Amino acid sequence: MNCRSEVLEVSVEGRQVDEAMLALVHTILLHRSTGKFHYKKEGTYSIGTVGTQDIDCDFIDFSFVRVSSDELDRVIRKAVGEFKDLCCALQDAMGNGTDGMGQISLEFYQKKKSRWPFSDECIPWEVWSIKVNVVNLANEQERQICREKVGEKLGEKVINIVEVINRHEYLPKMPTQSEVDNVFDTSLKDVQPYLYKITFQITDTLGTSVSTTMRRLIKDTLAL
Amino acid sequence: MDSDLSPQDKKDLDKFIKFFALKTVQVIVQARLGEKICTRSSSSPTGSDWFNLAIKDIPEVTHEAKKALAGQLPGIGRSMCVEISLKTSEGDSMELETWCLEMNEKCDKDIKVSYTVYNRLSLLLKSLLAITRVTPAYKLSRKQGHDYVILYRIYFGEVQLTGLGEGFQTVRVGVVGTPVGTITLSCAYRTNLAFMSTRQFERTAPIMGIIIDHFVERPFGNMGHMHPCNYRAPAEEEGGYTGVEDSQEVCTTSFSTSPPSQPPVLVGAADFCHPSTLNAANPHQMGIPGKEGGVPQQVPVQPCHAAQAEHARASSCLPNDHVPAVPSGSGEDAEASSRSTDGKSVSPRDVMETTFTRKVGAFVNKPGTQVTTASLDLPFAAFAPRAYDIEENDPMVQPPESPATSSPLQGSLHSQGSGESGVPAQDDFVMVDFKPAFSKDDLLPMDLGTFYREFQNPPQLASLTIDVSSQSMAEDLDSLPEKLAVYEKNIDEFDAFVDTLQ
């Protein structure tokens, strides 16, 4: 089975990174979450109800819908916050005028049980890569324009996400009770997203990763 | 086509389609109420939440949807449409978008009804939730208030998109294949929001118009108390909603067909809406007024009927309610000055985006009406002399019948077709009128921009236009002694001149 891979790209200002990422990640998770499964006898199950919540962005002219789950929101905010901190750290290290680029990946996977002594295999079936270009703006006027432009762009990205989702391509089969943890994240109380993980990578404008940049900075400092 | 489907599957499919249609209407209308929607997740299945989504049912909306469906289901050639329109306090209306639930003949016979179709319909509803927040009407609906309200109309049958104006865009929410056909959900939304009121010049003064009240106190005092009577307090809201069980019971009754030309629904909200004027198929160019007018006075204290909130008129008072079109948190002046220099050669869509953040009067996208937005870019235009600004250039006073008018202020934000309007001939390639803020001069019949343009290419000095061919350097040097002799002769005059300077 081939993993489906989708790439989204946005350019945002530093203070918009959080909200832009939350908007896109939550939109994807809205479609990739179900209610909690309740298995009954005879192999049947019932599904809980997923609530939704409107969220307004403060730094972007945009609103989005997310799953009504504070637990899930906390997890996503934590990951997005770490991503943003890395982006800001890079910009601080390189100087104020430098734009930065980062990529946050939301990967949905299935676990495949392996026999001992091998560990379970994680097989991704859908990967969303969100490339973020962090720009520096000079004045308030540019920021105002950026608010609207980024809002428009996020709207387009939401439409792209919906378009991909509604192709109804591969989805893992609904699991039996014993295998539900191989397909879904059952750790949350109120909703049940497909198993996912969030990873990110930061690069500077030259395309080199942060670690390389920091290494170079230290070397240059020592060489002086 | 149905012969391959078992009776149980057919029955299930019909039920799914029916409730999907009802939930679709609920999602769309609730997204245009102007409020943020929040429903709770529930780990325990209640058995009443269709498609495993917590979507509340507003009874009046369900009632209207069933009335429109009239016992039929969306099918091939029978589409269910939800039309969203905007109505101003002046009574002018404009269709904003049309959501269409259609079915085509492409069947997927192998698909499992009770499982796959159901889950895909659930996914489609989630997509609808996401897309309803992305189309332009969402921002408008969040800012609705006493200036304008958002209305909906449900009809069944053929899709009508003529009311959306030229250049409307379409976004497809999604498709779900079923054994009897493929369900498609899409939205066509207006991009041209030019909207000039023919009633504007009947008003007493443009000073009360959209340009001015952006910066002054609202003429009808504190509008806080006008938090509309149809705003639903939480307690009321809970009581007002009914569970799906009621819908399920009601669903079994039969309906009558309603004609496509049925005016927008004004269930319980007849305050300043007149059904006879709301022909949504005829969105003429009208100006959207500002917060003037006797709207607040006209809004009767209706009984807090659930119908009004559900009727998408639930205009909650925003904290910055006096400038509903301004994004909260942004400075008005900053925005105004940014607008004056912004969007010089933007596409109509960008212009549309620009106008969204303005007051309602910013629905100016047509070339002939650009002057409104341009005028808006001039802060304190309220204090500009009427003789020049208001009457000559203010479209509220003299709305242009066609795009070609003589105002030099036109075309400032519209990059297309401005050549045919009053752009000065010497700058026929300049698509944008230079409009520096705070530059209006009421003494001279020109502003800073015109002055700058006229004097940026001054003529050459006469002394620099000596015909070089007629005089060479050598001749210049030869004539020098003669010139010096003349100057020495007149030395007394020069000395006297120098004395006068000291």
Side-chain angles (χ1 to χ4, degrees), chain A residues 23 26-27 30-38 45-56 58-70 72 139-145 147-149 151-152 154-159 161-163 165-168 171 174 188-192, chain B residues 27 31 35-49 51-55 115-116 119-120 122-124 126-136 138-139 142 171-177 185 327-331 334-335 337-339 341-343 349-350 353-354 356-357:
Chain A
H26 271 303
T27 299
L30 170 68
H31 292 85
R32 293 290 182 241
S33 299
T34 71
K36 295 286 288 181
F37 281 16
H38 296 272
Y45 62 93
S46 57
I47 308 177
T49 302
V50 172
T52 57
Q53 194 170 345
D54 280 327
I55 304 292
D56 291 337
D58 293 325
F59 298 108
I60 311 174
D61 283 348
F62 190 68
S63 299
F64 62 94
V65 178
R66 68 167 174 87
V67 170
S68 274
S69 168
D70 292 338
L72 180 64
N139 55 50
E140 193 57 34
Q141 183 181 342
E142 286 183 18
R143 286 196 188 96
Q144 283 297 325
I145 298 168
R147 271 185 77 98
E148 294 164 19
K149 293 289 181 195
E152 285 176 38
L154 288 179
E156 289 172 21
K157 299 306 159 193
V158 166
I159 294 173
I161 291 169
V162 161
E163 193 186 351
I165 300 256
N166 278 274
R167 284 182 207 155
H168 301 302
L171 277 180
M174 285 299 147
L188 303 174
K189 281 197 316 249
D190 41 14
V191 294
Q192 191 173 284
Chain B
V27 167
E35 300 166 348
K36 281 164 65 166
I37 305 294
C38 180
T39 56
R40 290 178 59 186
S41 300
S42 168
S43 60
S44 305
T46 60
S48 61
D49 289 324
F51 307 105
N52 308 117
L53 282 173
I55 299 170
Y115 171 72
T116 309
N119 285 338
R120 288 185 180 179
S122 174
L123 209 57
L124 189 51
K126 290 174 182 172
S127 299
L128 182 64
L129 281 163
I131 298 285
T132 44
R133 275 66 176 173
V134 158
T135 54
Y138 180 72
K139 284 184 194 164
R142 289 291 299 273
V171 59
R172 192 168 80 166
V173 182
V175 296
V176 173
L185 186 54
S328 56
S330 63
E335 189 193 13
S337 57
S338 74
R339 291 292 164 271
T341 54
D342 181 19
R349 179 168 168 79
D350 286 345
E353 292 303 324
T354 302
F356 278 139
T357 57

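Because the structure is a prediction, the values reported are computed rather than measured. Only this structure's heavy atoms are used, side chains among them; waters, hydrogens and symmetry mates stay out. Labels below follow one simple rule: chain letters A, B, ... track the order of the sequence lines, proteins then strands, and each chain is numbered from 1.
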Got a second to check how far A:D54's CG is from B:T132's OG1, nearest 0.5 Å? 7.5 Å
What residue, out of A:R143, A:Q192, A:M174, A:R66, has the most heavy-atom pairs lying under 4.5 Å from chain B? A:M174
B:F51 versus chain A, heavy atoms under 4.5 Å apart: side chain, backbone, both or neither? neither
Non-hydrogen atoms of A:G51 and B:A54 that approach each other most closely: CA-CB, 3.8 Å
Should the pair A:D190-B:R40 be classified as a salt bridge under the 4.0 Å nitrogen-to-oxygen rule? no
Under the side-chain contact (heavy atoms from CB on, under 4.5 Å) rule, collect the residues that match up with B:L53, sequence neighbours excluded. A:V50, B:I55, B:S122, B:L125, B:K126
Do NZ/NE/NH1/NH2 and the carboxylate oxygens of B:K139 and A:D61 come within less than 4.0 Å? no
Measuring from A:R32:CZ to B:L123:CG, what's the distance to the nearest 0.5 Å? 6.5 Å
Run the side chain to side chain donor-acceptor pair (under 3.5 Å) test against A:T27 and tell me which residues pass, sequence neighbours left out. none
Taking A:S68 for its side chain and B:T39 for its backbone only, find out whether a donor-acceptor pair lies under 3.5 Å. yes
Once rounded to the nearest 0.5 Å, what's the spacing between atom OG of B:S43 and atom CD1 of A:I47? 13.5 Å
Answer key: most heavy-atom pairs under 4.5 Å with chain B among A:D56, A:I165, A:L188 is A:D56
Say whether A:H38 and B:S44, considering side chains only, have a donor N or O and an acceptor N or O under 3.5 Å apart. no
Report yes if the side chains of A:H168 and B:V176 come closer than 4.5 Å at any heavy-atom pair, otherwise no. yes
State the CG-CZ distance between B:N52 and A:F37, to the nearest 0.5 angstrom. 8.5 Å
Check whether any side-chain heavy atom of B:R142 sits under 4.5 Å from a side-chain heavy atom of A:S63, and report yes or no. yes
Heavy-atom side-chain contact between B:V134 and A:F64 under 4.5 Å: no
Note, B:V175 side chain near A:N166 side chain (heavy atom, < 4.5 Å): no
Considering residues, nucleotides and ligands other than B:K36, do more than 12 of their heavy atoms fall under 6.0 Å from its NZ? yes
Is there a donor-acceptor contact under 3.5 Å from the side chain of A:T49 to the main chain of B:S42? no
Sort A:Y45 into side chain, backbone, both or neither according to what part of it lies under 4.5 angstrom from a heavy atom of chain B. side chain
Specify which of A:V158, A:V162, A:T52, A:V65 makes the most heavy-atom pairs with chain B at under 4.5 Å. A:T52
